[in-house]
2 protein chains.
Amino acid sequence: MGKKTADHAERRPLTRELIVQTSIAIIERDGAKALTMRKIATELGVGVMSLYNHVPNKDELLAAVAESVLAGLDVPEREAGPDQDWKLHARAMAGAFRAVAHRYPRSMHLVLTSPAGRMAGGRTAERALALFAAAGFDAATAVNALCAFMSYMIGAQMLEEGALSMTGRPPEDHLDADAEIDLDEIPRVVELADELMRVDPDADFEYGLEMLLCALDRLPRGASKV
Amino acid sequence: MGKKTADHAERRPLTRELIVQTSIAIIERDGAKALTMRKIATELGVGVMSLYNHVPNKDELLAAVAESVLAGLDVPEREAGPDQDWKLHARAMAGAFRAVAHRYPRSMHLVLTSPAGRMAGGRTAERALALFAAAGFDAATAVNALCAFMSYMIGAQMLEEGALSMTGRPPEDHLDADAEIDLDEIPRVVELADELMRVDPDADFEYGLEMLLCALDRLPRGASKV
DNA sequence: TAAATCTTGTTTACGTTGTACGTAACGTGG
DNA sequence: CCACGTTACGTACAACGTAAACAAGATTTA
């Protein structure tokens with residue numbers, strides 16, 4: 001009957017969640033700047049404007065993508081209370097963040113980049129703050145610890161992504177014609193370039209994380225210090 | 001005579017550097033996504049395609065912007081050699097980075113975000129590596145220190161920028177209609193929201209920086225340990 | 001000197017983007 | 001039966017990046 005039912009995709013009822021998931025898939029496959037309303041539509045086998053029945057505009061769609069990606073940050077979350085080994089939980093949170101960052105690297109870039117993504121990270125910040133509070137930090141110190149913790153998380157992720165995009169790779173989503181002043185006047189960088197890319201990023205990350213956690217552990221704390 | 005000489009801008013001979021500077025001005029004034037080839041052209045009082053005589057395409061222009069912004073990172077740079085107070089130099093580098101980030105916040109966001117920007121940071125990485133080498137770290141440790149240092153720099157900057165964009169402000173370059181799940185289930189965050197925005201970001205930054213530097217100082221080092 | 005080439009800017013035009021608008025198929029309650 | 005809201009579709013438009021052809025001065029070459 002239907003003379004133009006989709007030929008290349010299953011015909012699910014086109015809900016908002018489906019649009020978001022398809023968007024994530026496209027971002028991971030073709031890069032963030034290749035995410036187009038028309039592309040989503042054809043991928044789903046529907047008209048372009050049909051998407052706007054479920055999503056008000058593209059920015060909101062990106063926000064929904066960010067939220068969906070961060071929704072995968074469900075670290076088991078123990079019960080609250082004084083915790084004598086708060087570093088273990090901090091490591092778990094960092095690991096969870098790292099896991100989703102590895103599963104959806106490009107979408108995670110979008111999350112870290114856009115202000116909507118930072119907003120969606122509110123719940124994660126909440127959990128981290130609870131953790132620091134349980135560790136015995138007072139309010140001001142907990143905020144400082146949270147800032148340092150998140151700074152390292154975000155920066156390390158973006159740094160690793162940038163380092164990976166530097167190592168040859170067929171440049172897919174970013175410009176490739178920027179080899180003009182390279183390798184000329186940065187002897188130490190090229191000398192240590194192999195060192196930079198030899199070390200697996202996970203080890204680098206863990207190294208800095210341990211350093212940060214130890215530093216945090218030396219901060220003044222309140223009652224629940226075991 | 002010229003019946004259509006520009007009325008709103010001086011008529012300099014339209015060099016590449018002028019285009020870059022105008023782009024930076026537009027980015028800082030109207031946001032990064034408002035930077036348009038046509039806008040640059042009208043701002044300079046020339047036709048759109050005239051720009052393409054000095055810049056191959058928009059991506060390269062953005063790369064040039066990134067490079068130009070990072071060119072302001074000229075920390076006085078002492079002579080190389082064993083340095084007994086390397087932390088002082090590290091603080092100087094952090095301060096220089098912070099200064100340009102405060103002078104061109106939106107352009108700096110572009111730098112941190114785009115891979116071209118990370119590339120342009122090569123010279124800065126070079127200097128930091130030299131610093132860590134002079135401090136007595138071996139190659140592997142210096143790379144680890146550099147990663148941690150840059151991670152904190154980048155993350156702290158993006159975090160501060162995100163925090164600033166959260167505090168009410170008339171949303172200029174980012175979406176504003178994302179108030180849906182806020183303030184409901186994040187009690188600790190809203191409880192400490194004022195704490196989060198009361199502390200001036202500089203103090204927060206210095207706090208984490210000192211922590212990081214002290215942690216780095218405890219890493220194993222070679223001969224030049226004073 | 002005159003011709004050829006390069007530089008610098010303009011004009012026109014094309015393809016792609018996000019999305020506003022009008023319309024048709026669809027169930028569901030009167 | 002109809003009116004109705006919800007959902008999907010096709011058309012249309014303004015703004016975008018930029019390729020191509022062209023014009024006019026500056027510079028080089030014969």
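All values derive from a computational prediction rather than experimental measurement. Letters A, B, ... mirror the listed sequences (proteins, then strands); counts begin at 1.
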Notebook entry, point to check: Would A:Leu61 and A:Val20 count as a side-chain contact (heavy atoms from CB on, under 4.5 Å) if you check the C-alpha gap in whole Å, the side-chain angles of each, and the deciding distance to 0.1 Å?
Noted result: CA-CA 7 Å; A:Leu61 171 59; A:Val20 170; 4.1 Å; yes

Next item on the list: With sequence neighbours excluded, give me every side chain to side chain donor-acceptor pair (under 3.5 Å) pair touching residues 93-103 of chain A.
Entry: A:Arg98-A:Glu160, A:Arg98-A:Asp202, A:His102-A:Glu160

Margin query: My understanding is that only residues two or more places apart in sequence, or in another chain, count here; which of them pass side chain to side chain donor-acceptor pair (under 3.5 Å) with B:Ser107?
Written below: B:Glu28

Margin query: I need the CG-C1' distance between A:Leu44 and D:dA8, as an integer number of Å.
Written below: 13 Å

Next item on the list: With sequence neighbours excluded, tell me which residues meet salt bridge (Lys or Arg N to Asp or Glu O under 4.0 Å) with A:Arg91.
Entry: A:Glu210

Note to self: Which residues pass the side chain to side chain donor-acceptor pair (under 3.5 Å) test with B:Ser68, not counting sequence neighbours?
What the structure shows: B:Gln21

Next item on the list: Take the protein atom CG of B:Leu51 and the nucleotide atom C1' of C:dT11, then report the distance between them rounded to whole Å.
Entry: 15 Å

Checklist line | Interatomic distance, A:Leu61 CG vs C:dT17 C1' [rounded to whole Å] | finding: 15 Å

Notebook entry, point to check: Do any pairs count as a salt bridge (charged side-chain N to carboxylate O under 4.0 Å, His left out) and have a residue in residues 139-157 of chain B, sequence neighbours left out, and if so which ones?
Noted result: none

Checklist line | side-chain contact (heavy atoms from CB on, under 4.5 Å) partners of A:Ala25, counting only residues at least two apart | finding: none

Margin query: Rounded to whole Å, how long is the line connecting atom CD1 of B:Ile19 with atom C1' of C:dT8?
Written below: 11 Å

Notebook entry, point to check: In whole angstroms, how far is the C1' atom of D:dC9 from the CG atom of A:Leu14?
Noted result: 12 Å

Notebook entry, point to check: Can you find a pair of side-chain heavy atoms, one from A:Glu67 and one from A:Val111, that are under 4.5 Å apart?
Noted result: no

Please list each protein N or O that sits under 3.5 Å from an N or O in nucleotides 20-22 of chain D, with the distance.
none

Check: Roughly how many Å is it from OH in A:Tyr52 to P in C:dT23, rounded to a whole number?
Finding: 21 Å

Next item on the list: Just jot down the side chain to side chain donor-acceptor pair (under 3.5 Å) partners of A:His54, sequence neighbours excluded, or say none.
Entry: none

Could you list the protein-to-nucleotides 13-16 of chain D atom pairs, N/O on both sides, closer than 3.5 Å?
from: D:dC16; atom 1: OP1; to: B:Thr36; atom 2: OG1; distance (Å): 3.4

Next item on the list: State whether A:Ser50 places a side-chain N or O below 4.0 Å from either non-bridging phosphate oxygen (OP1 or OP2) of D:dT7.
Entry: no

Item checked: Between P of C:dT17 and CG of A:Asp59, the distance in whole Å -> 16 Å

Item checked: Distance in angstrom units between A:Lys39 NZ and C:dG18 P, rounded -> 11 Å

Next item on the list: Could you work out which one of C:dG18, C:dT10, D:dA8 sits closest to the side chain of A:His54?
Entry: D:dA8

